[in-house]
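Notes to accompany the following structure.
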Amino acid sequence: MSGRSGVPAPSSSGDVTGLLLAWGGGDQKALQELIPLVYDELRELAERYLRRERAAHTLQPTALVHEAYLKLVQQDRVTWKNRGHFFAVASELMRRLLVDHARKHQADKRGGGAAHVPLEEAASASASKEVDVVALDEALQRLAELDATQAKVVELRYFGGLTLEESAEVLGTSRATVIRAFRVARAWLERELSAA
Amino acid sequence: MNAERWAEVCRVFDAARELPRDERAAFLERECRGDGELASEVASLLVADEGTSFLDEPGGSDLAPRRRVGPYELRGELGRGGMGVVYEAVRRDQGFERAVALKVVKRGMDTDDILRRFETERRILADLDHPNIARVLDGGSTEDGLPYFVMELIRGEHLLEYCEKRELDTAARLGLFRQVCSAVTYAHQRLVIHRDIKPANILVTAEGVPKLLDFGIAKLLSGAPGAAADRTETAMRVLTPEYASPEQVLGTELTTSSDVYSLGVLLYELLTGRRPYRLAARTPGELAAAVVQQQPERPGTAVRLHRDLDHIAMMALRKEPARRYASAEQLSEDVRRHLEGLPVQARPDSLGYRAGKFVRRHQVAVAALTLAVASLVAGFALAVRGMRVAQAERRRAEEHLAQVRTLATSFLFEHHDAIKDLAGSTPARKLLIERGVTYLDRLSTEAGSDPAFRRELAAAYEKLGNFQVGIGNEGTLGSSEDAAKSFRKALRLRVDLAGRTPLDPKDQGALAQTLISMGNLAQRRGDKAGSLALYRRSVAIGEAVLPSRPSDADLLTDLGRAYHFLAAGLVETWDESARLAALRREAELFGRVVALKPADRKARRNLALADQYLGSALSGWDDALPGPDLAAAARFLEEARSLQEALSTEDPGNATYKKDLSSTYSELGYLFKKTGRREDEVEAYRSSLRIRLALEAADPKDIVVQRLLNAAQSRLASALRRAGSQAEAVENARESVARAEGVAAADPKNVYFKAELGQALYELGASLGPSSLRDSCASLRRSHDLYALLARDGQLPASHRRLRESAAEAMKTCGSAAAIASTR
């Protein structure tokens, strides 16, 4: 990853778009190739944000995902559906990335290192309430066992910034279902996380 | 929990969430019949649902283009701002098309919370009818859950643009400014604070009329729950920092004075074309610091300006709310004086303004208290100055505030309680309470949003309110008006606290209790509908929390009490089935408490009272009510009696247990009357009277004992009369009238005291009977007139309705007797 500048190589943008289209056409292998590309981009973006002092107020997971999308995907080649799929993948990756960082930071703290601003702090600075990403991740895993759709909706909206419509499209369900799922998931998480 | 079970929870949750809050408890009870786990699972989710969540991100999905919002059809975008997007919209109603402005609030604010607040403010805002105010018409939530507000559509130019384009002179600008002031004054008189006065919120119509937009909206949006820091952040997000007052920037509680400050900024800009604070970098934080710390340049340094206008603007812009113009009206008035060439009130801010002056103004007459009060006042002044130095030194200011706060609370609680039982301490107590409250009150402007402080302040107001309620007692300090004011202040704080911590049963419980105190006062003042509404709110809060803590004895007790008062209030509605339901629920709740704590005397007392009331209700206190259940009544009254006898035996010095027992005897007397057991009836009333006479001997000034004694005696008189013991009946009736007169004279506004006097008079009239017709009729006439007066004002207690009829009936006999006498 060394030597990569802020501007992605033109080929990678083409790669991602091509893979996205192929995946949308039913090619599951394309997804396997797509994931690492998106993940790298997200991590790159996140780290760059965090290196900039503490203007981290502007850092939001959803903003990162969006920026990655703008950089990686040639918008004129993809449809609205492709876009939704990209965000669905990216939101899952964003979640993984935030959780990894948080775990690593917790380990660093125990080891007495960590001079840089930890990712979850930055992430929570953007949200209206503090949230422990690791606890959220675990709670979402528990919720997924009860109702996978509910957990997914939260992931899409919180980590990917998808709208209700986009979430419904990605999940292949109705808007009303997404709204209901989100409401109950929101209450459940609020209770679980505040009880801890 | 498995997936299947969870699906069931979700189903019930979804359904409950669609219902109004006060119907949810009943719904859960129906829906989860016997499944406590399901009920408490859903209830806890509903509670969590009310709170804010990290998922309510300020980011979130943006305001997508939309075509409809609720019943409104959107025509186009009028503007975008910190709060969201404003559209022009129309609503079609029976062929009419009405154009309005519709503001959709952007994500990041808790829709439910905003709408809840909107519901309480809706009428007030809609009633703001002033030529310079754009009215708020409606509100709701969009399909995807964003709050929106509908306002009168104003077509016009922004105020500053309007002035610039037409190159208006100073006098013309001041004229527009005064119109804005009149709008603000009008709203302030209706207790609405604008909170976000700025040029962008003022449009001038083609006719040259300025219209102030968004009245009350900022409050709906910025009162979001959270700590002081959050609030400031919210304020900064919602408001425009350049126009926000220092207290707004600090996130402390706001008064109308904050609008006066913003009017000052507006005036400044109208006169100079610039804002008071000039900064190189303009981050919100720096601006906030400037607003709190920086002394603005006099407007006259920028442009040629009359010195009066300098002084006026600077006075409105003072950092301490108390030192600004006391009202928008005064500000406007000073501008008028300037326009008419009269001397203005505003003076340059003197640096010599010192604590000394403050202390001098607050010298305390009572020598023993001088030291304490002086240190309190000095501490307060320091604290105020600390605020002026502001954020950098905020911590130090906070320490001062804490000190003052401790002093103030010790005035209210320790000092007061220490002297409260001393004879003749009333004036000193009055002073202590008033001082304590005054200082806490002042602090609430300076230090307001700290929950612990607000709890203290609420408790202080409640203490004051309860003190003021102590009607008729020697320690009376004020009227029920004052008490109502105090409770209202307490309520405002409690509502706010409970809103921030929907999961905390303590804050919820305290809110429920305040509602009960207010309900009791409203009841006493004859506001029946008001008191019922308050009790119902209290009950709803308790039922909502209960499913999540079904074995919390404190919660059960509080809720039982709420039902107790609700049932008492329902007496006046003639809705006996609702009242019986409330009483049964009360008895059930207290029964659960006793099961949890069988040795607890308070719990047993509560259960006994519930039984007693239920027994009384089942005896049917008015013939107009549906069939009484005398057997059940006897059962409950017997249970009450045995509980109360036991309590009185265990704790013989306790007057309360004796009072309770005497009441149960009285209820038993009534039951015996109904079942025709005349001797038992007389005996029961005698027992009641005996206990109450002993109570009176122990504490001759206790007004409650006086009333009880009075009631017992007048009932005994009635029983004796019907049993044929006329002489003894008259004797008792006379004593009871004398006592009732004393009680009624002590608080002439109390409708119950009056009604009870009416009852005593009737009983005397009836006991005297035809054998002394003149005295009998005089007494009956007084009774009749008293009741007629109460009935005329709609204040006749329902339980006296029959008596009133009886008095009127008896009067007829007197009328014909008098007619016979006069023809003779």
Side-chain angles (χ1 to χ4, degrees), chain A residues 55 57-66 87 123-133 135-136 142-150 153-167 175-195, chain B residues 1-18 40-64 107-112 142-146 224-227 230 233-234 237 283-285 501-504 548:
Chain A
H57 276 285
T58 52
L59 173 75
Q60 295 174 4
T62 55
L64 285 187
V65 171
H66 195 76
F87 276 83
S124 63
S126 71
S128 49
K129 255 179 136 175
E130 291 267 319
V131 60
D132 175 347
V133 179
L136 171 62
R142 290 200 300 280
L143 182 59
E145 281 166 24
L146 298 175
D147 188 318
T149 307
Q150 289 170 3
V153 169
V154 172
E155 184 182 280
L156 290 173
R157 286 177 62 73
Y158 182 69
F159 293 102
L162 268 71
T163 64
L164 291 169
E165 285 79 4
E166 288 164 344
S167 305
R175 215 180 98 107
T177 306
V178 169
I179 292 177
R180 264 204 312 278
F182 185 65
R183 268 184 190 166
V184 75
R186 176 186 174 280
W188 188 83
L189 284 170
E190 194 52 34
R191 192 189 66 184
E192 293 298 300
L193 295 178
S194 63
Chain B
M1 171 104 35
N2 58 30
E4 204 174 298
R5 179 74 168 162
W6 175 243
E8 175 72 1
V9 170
C10 293
R11 186 187 63 75
V12 179
F13 171 84
D14 282 337
R17 202 180 179 281
E18 298 303 319
S40 76
E41 180 73 21
V42 175
S44 68
L45 285 176
L46 286 170
V47 171
D49 182 53
E50 301 276 304
T52 59
S53 161
F54 65 94
L55 289 170
D56 311 331
E57 255 184 298
S61 67
D62 203 1
L63 296 168
R107 200 171 291 285
M109 319 242 180
D110 182 346
T111 305
D112 285 350
T142 65
E143 238 186 297
D144 48 346
L146 300 179
D230 287 356
E233 203 175 289
T234 315
R237 204 163 62 227
T283 69
T501 54
L503 288 165
D504 183 351
S548 58

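Order of the sequence lines fixes the chain letters, A, B, ..., with proteins taken first and strands second; residue numbering starts at 1 for each chain.
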Just verifying a value: how many Å separate B:Leu46 CG and A:Arg191 CZ, rounded to the nearest 0.5 Å? 10.5 Å
So which part of B:Glu4 gets closer than 4.5 Å to some heavy atom of chain A, the side chain, the backbone, both or neither? neither
Atom of B:Cys10, atom of A:Gln150 and distance for their closest heavy-atom approach: SG-NE2, 3.3 Å
Measure B:Asn2 against the heavy atoms of chain A and call it side chain, backbone, both or neither at under 4.5 Å. backbone
Would you say that A:Arg142 contacts B:Met1 through its side chain, given a criterion of any heavy-atom pair below 4.5 Å between the two side chains? no
Nearest 0.5 Å, what's the CD-OG distance between A:Glu192 and B:Ser44? 8.5 Å
Pairwise side-chain contact, A:Trp188 with B:Trp6, heavy-atom cut-off 4.5 Å (strictly under): yes
